[in-house]
Amino acid sequence: MIKVDISTAFVVYLCLSLGVVLFAWIFFEYKVKVKRVNPEQKKTCRCPICAYVYIYDSEEDFSRCPRCSSINKSEGKKRE
Ligand SMILES: [Zn+2]
């Protein structure tokens, strides 16, 4: 049987616990992709029904409010 004193056992336990947390952190950091908003392609819209401000794709003529599901016309003017 391996004899270890209490301080060595505590250090090993602490290192293993931190290793598991570090591994889980790195794993979920690479697994979850953060949605990045490109300000040139997205615009904000304020819903006239519920006053909710949301982001929509500027290429679309109409956008749907995520809170009240009303369809709103895009505020951006197209160049003609
Ligand atoms: Zn709304």
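Both ligands and their constituent atoms are indexed starting at 1 by order of listing.
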**Asked** V11, V4: one ILVMFWY side-chain cluster at the under-4.5 Å cut-off?
**Response** no
**Beyond-backbone contact of P66 with Y52, side-chain heavy atoms, under 4.5 angstrom** = yes
Applying side chain to side chain contact (heavy atoms under 4.5 Å, CB included), name anything that partners [X], two or more places apart in sequence or on another chain.
X: L18; answer: L14
X: K3; answer: none
X: V21; answer: none

**Request:** For the Zn ion (ligand 1), check which protein N, O or S atoms are under 2.8 Å away and list them.
**Result:** C47 SG, C50 SG, C65 SG, C68 SG
**Prompt:** Is the backbone N or O of V53 less than 3.5 Å from a side-chain atom of R46, with the two atoms forming a donor-acceptor pair by type?
**Reply:** no
